[in-house]
Amino acid sequence: MGPMSGSPILTLVVALVTLVISAAVSALITYSVFKKKQEQTIGNAEVKAREILDEALKNAEEKKREGLLEVKEESIKAKNELDREIKDRRAEVQRSERRVQQKEESLEKKLDALEKRETALAAREEDLAKKKEVISKLNEQRLQELERISGLTSEQAKDYLLKIVEDDVKHETAVLIKEMENKAKEEADKKAKEYVIGAIQKCAADHVSEASISVVQLPGDEMKGRIIGREGRNIKTLETMTGVELIIDDTPEAVVLSGFDPIRREVARIALERLIVDGRIHPARIEEAVEKARKEVETVMKEEGEAACLDVGVHGIHPELVRLLGKMKYRTSYGQNMLKHSVEVAQLCGLLAAEMGLDVRVAKRAGLLHDIGKSVDHEMEGSHVQLGTELCRKYKESATVINAVEAHHGDVEPTSLIACIVQAADAISAARPGARRETLETYTTRLKQLEDIANNYKGVDKSFAIQAGREIRVMVVPEQVTDDDMVLMARDISKQIEDELEYPGQIKVSVIRESRVVDYAK
């Protein structure tokens, strides 16, 4: 049993030793193979590295050669461009030199020509001087011969010729003046007609526009659509009911009423304003509003007529004449309200009649009714004088009042002093500055012309036309105008006003020179 158990152990030991030895031999063989492969790989890497290095050196050399070639080409190119530019500049300089040389040659030629011309002119002047001497001598001889033949001296011959020429000129001048006068008359008549027609054309448009429209303000532009209505039914109804045209355009928040009858325009204005305030705008409502507006205007006319009679102190006038007086509230003449004008004339007539010891009540009555025809001259044919006379006869006014109405524009001869008073009062009321359009324009134009004349003088700071143009005050700059200059300036301004303006009475010119120093005590 002992030998049997030792045999396996020995076998195991042998196997282990064999295994160790095999492993060591295998490891040694593997190491030698790996080392050989490693050395081979390192050798290949070194070869590859040398090849790469050689390739890099070769590429570097090539790049270097290429760079040197490019630099050389650029330098050659730059040199060629520089040479070309130098060549072009040299050519330009040569051309400039040739031009300068040509100009110098041309100038020299011109100078030579001028010298030759001066020499020729000098020779001609000498020749002309000699000829003038010869001509002068020949004229003297001719005059002496003429005096010998005619038996007159040269002075006597001149007087004789001048007298003949003067007579001829006088005759021709008279004929020419006559022809020019006739021609001027023809032209003046033609031009006058053209000027009048042109003036009428220019002023008529503005006057008609001002006298035939009324403007109604709207709360907003959206109201225009409501006034027009569906398919325009509202605006058609309003125009049909009032006889006034409605102009709805781009004017913001406004509608224009156009018509020649001021009563119709007033009715349309009141009706439209009420419709706008109410907000309910449709045909039935429009008819109702127009009817109410018409009654209101009638009431206003009656009340205004009664108020005018009360203001003047005239009683017993027929109610229809009172209504027509109130109607004149909506009538204007040259921008002047006719009712106010009639009241003013009546009051002036009363004052004049009292001064002259005449019947004040009849004078006031005639003055109040003198323009009554203007209340119906839009509706009836005839002048306002004829219509007023017919109305006064119709409503049983006195013969004195009728004659005053009929004669206040000179259509018939006045038969009483009251008629003359009415004429004077009517002229006074119409001529009052600012009462009527043309008077106001003339008045304001004169004021502006006065100020413009003063402002044109040096040293004038500002000027003011005061007292209805009877005085002008001129404020001057103290540093620019002395006290002595003020005297001369006032005289010059007065002289210029006399020469350039037309005015009644006299105009006072006051030149004011004022220095002010302002300080404050604190």
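In this text, all values refer to a predicted model and were calculated from it rather than measured experimentally.
Between Glu298 and Lys295, no side-chain nitrogen of the basic residue sits less than 4.0 Å from a carboxylate oxygen of the acidic one, so the salt-bridge criterion is not met. Ion pair Arg274/Asp278 not flagged as a salt bridge, since none of the NZ, NE, NH1 or NH2 atoms sits closer than 4.0 Å to an Asp/Glu carboxylate oxygen. Between Arg285 and Glu288 there is a salt bridge, since at least one side-chain N of the basic residue sits less than 4.0 Å from a carboxylate O of the acidic one.
Counting only heavy atoms from C-beta outward, the side chains of Glu291 and Glu287 never approach each other to under 4.5 Å. In this structure, the side chains of Cys349 and Ile418 stay at 4.5 Å or more apart for every pair of heavy atoms. Contact annotation: the side chain of Val474 approaches that of Ile493 to within less than 4.5 Å [non-hydrogen atoms, C-beta and beyond]. The side-chain heavy atoms of Lys364 and Leu368, taken from C-beta on, include no pair separated by under 4.5 Å. Using a 4.5 Å heavy-atom threshold, the side chains of Leu310 and Glu306 count as separate. Counting heavy atoms from C-beta outward, Leu257 and Thr242 have side chains that stay 4.5 Å or more apart.
The main-chain N or O of Thr299 is never found under 3.5 Å from a side-chain atom of Arg323 such that the two would form a donor-acceptor pair. Between the side chain of Asn403 and the main chain of Thr415, a donor-acceptor pair closer than 3.5 Å is present. Here the side chain of Arg513 pairs a donor or acceptor atom with the backbone of Pro478 at under 3.5 angstrom. Judged purely by atom type and a 3.5 angstrom limit, Glu451 has no side-chain atom pairing as donor or acceptor with the backbone of Phe464. Using a distance-only test at 3.5 Å, with no hydrogens or angles considered, no donor-acceptor pair links the side chain of Glu471 to the main chain of Ile507. The backbone N or O of Arg226 sits less than 3.5 Å from a side-chain atom of Asn234, completing a donor-acceptor pair. Using modelled atom types, one side-chain atom of Gln423 and one backbone atom of Ala407 make a donor-acceptor pair closer than 3.5 Å. Listed for the Asn456 side chain is a donor-acceptor partner under 3.5 Å among the backbone atoms of Asp452. Between the side chain of Tyr395 and the backbone N or O of Glu390, no donor-acceptor pair lies under 3.5 Å.
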**Message:** Could you go through Val255 and Ile247, starting from their C-alpha distance and side-chain angles, then the distance that decides it, and tell me whether this counts as side-chain contact (heavy atoms from CB on, under 4.5 Å)?
**Reply:** CA-CA 6 Å; Val255 172; Ile247 302 173; over 6 Å; no
**Prompt:** So Leu238 and Ile281, side-chain contact (heavy atoms from CB on, under 4.5 Å) or not? Walk me through it.
**Reply:** CA-CA 10 Å; Leu238 193 55; Ile281 305 177; over 6 Å; no
**Verdict with supporting geometry, Glu397 and Arg365, salt bridge (charged side-chain N to carboxylate O under 4.0 Å, His left out)** = CA-CA 9 Å; Glu397 288 295 327; Arg365 195 181 192 96; 2.7 Å; yes
**Message:** Using ring pair (Phe, Tyr, Trp, His ring centres under 6.0 Å), reason through His370 and His384 one step at a time and then give a plain yes or no.
**Reply:** CA-CA 9 Å; His370 81 285; His384 75 279; 8.1 Å; no
**Request:** Check step by step if side-chain contact (heavy atoms from CB on, under 4.5 Å) holds for Tyr457 and Asp492.
**Result:** CA-CA 9 Å; Tyr457 283 82; Asp492 292 339; 3.6 Å; yes
**Request:** Given salt bridge (charged side-chain N to carboxylate O under 4.0 Å, His left out), test Glu296 with Arg294 step by step and report yes or no.
**Result:** CA-CA 5 Å; Glu296 180 178 338; Arg294 189 173 284 116; over 6 Å; no
**Request:** List the steps and the verdict of side-chain contact (heavy atoms from CB on, under 4.5 Å) for Ile453 and Leu501.
**Result:** CA-CA 10 Å; Ile453 287 174; Leu501 298 185; 4.1 Å; yes
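Around atom CZ of Arg233, more than 12 heavy atoms belonging to other residues, nucleotides or ligands sit under 6.0 Å away. Summarising the local packing, NZ of Lys340 is surrounded by 12 or fewer heavy atoms from other residues, nucleotides or ligands at distances under 6.0 Å. For CD of Glu381, the number of neighbouring non-hydrogen atoms (other residues, nucleotides, ligands) closer than 6.0 Å is 12 at most. Heavy atoms of other residues, nucleotides or ligands lying less than 6.0 angstrom from CD of Gln496 number more than 12.
Side chain to side chain, Glu304 and Tyr330 fail the donor-acceptor criterion of an N or O pair below 3.5 Å. Judged by distance alone, the side chains of Ser342 and Asp371 never bring a donor and an acceptor atom under 3.5 Å apart. Donor-acceptor pairing under 3.5 Å is recorded for the side chains of Thr482 and Asp485.
Here the CZ atom belonging to Arg473 is positioned 5.5 Å from the CD1 atom belonging to Ile512, to the nearest 0.5 angstrom. Interatomic distance, NZ of Lys329 versus CD1 of Ile263, reported as 10.5 Å (0.5 Å rounding). Atom CG of Leu447 sits about 9.0 Å away from atom CD1 of Ile472, to the nearest 0.5 Å. In this structure, Ser510 OG and Ile466 CD1 are separated by 7.0 Å, a value rounded to the nearest 0.5 Å. The distance from the CZ atom of Arg264 to the CE atom of Met241 is 12.5 Å, given to the nearest 0.5 Å. One finds the CD1 atom of Ile228 at 4.0 Å from the CD1 atom of Ile248 (value rounded to the nearest 0.5 Å).
For Gln386, the side-chain contact (heavy atoms from CB on, under 4.5 Å) partners at least two apart in sequence or on another chain are Ser383.
Nearest heavy atom pair, residue Ser494 against residue Val509, reads OG-CG2, 3.5 Å. Considering all non-hydrogen atoms of both residues, Asp359 and Ala353 come closest at O-CB, 4.2 Å. Here the closest non-hydrogen pair linking Val460 and Ala454 is CG2-O, 3.3 Å. Minimum interatomic distance between Cys392 and Ile402 (heavy atoms only, all atoms of both residues): CB-CG1, 3.8 Å. Counting all heavy atoms, side chain and backbone alike, Leu324 lies closest to Leu391 at CD1-CD1, 3.8 Å. Closest approach of His408 to Val422, counting heavy atoms only: CB-CG1, 3.9 Å.
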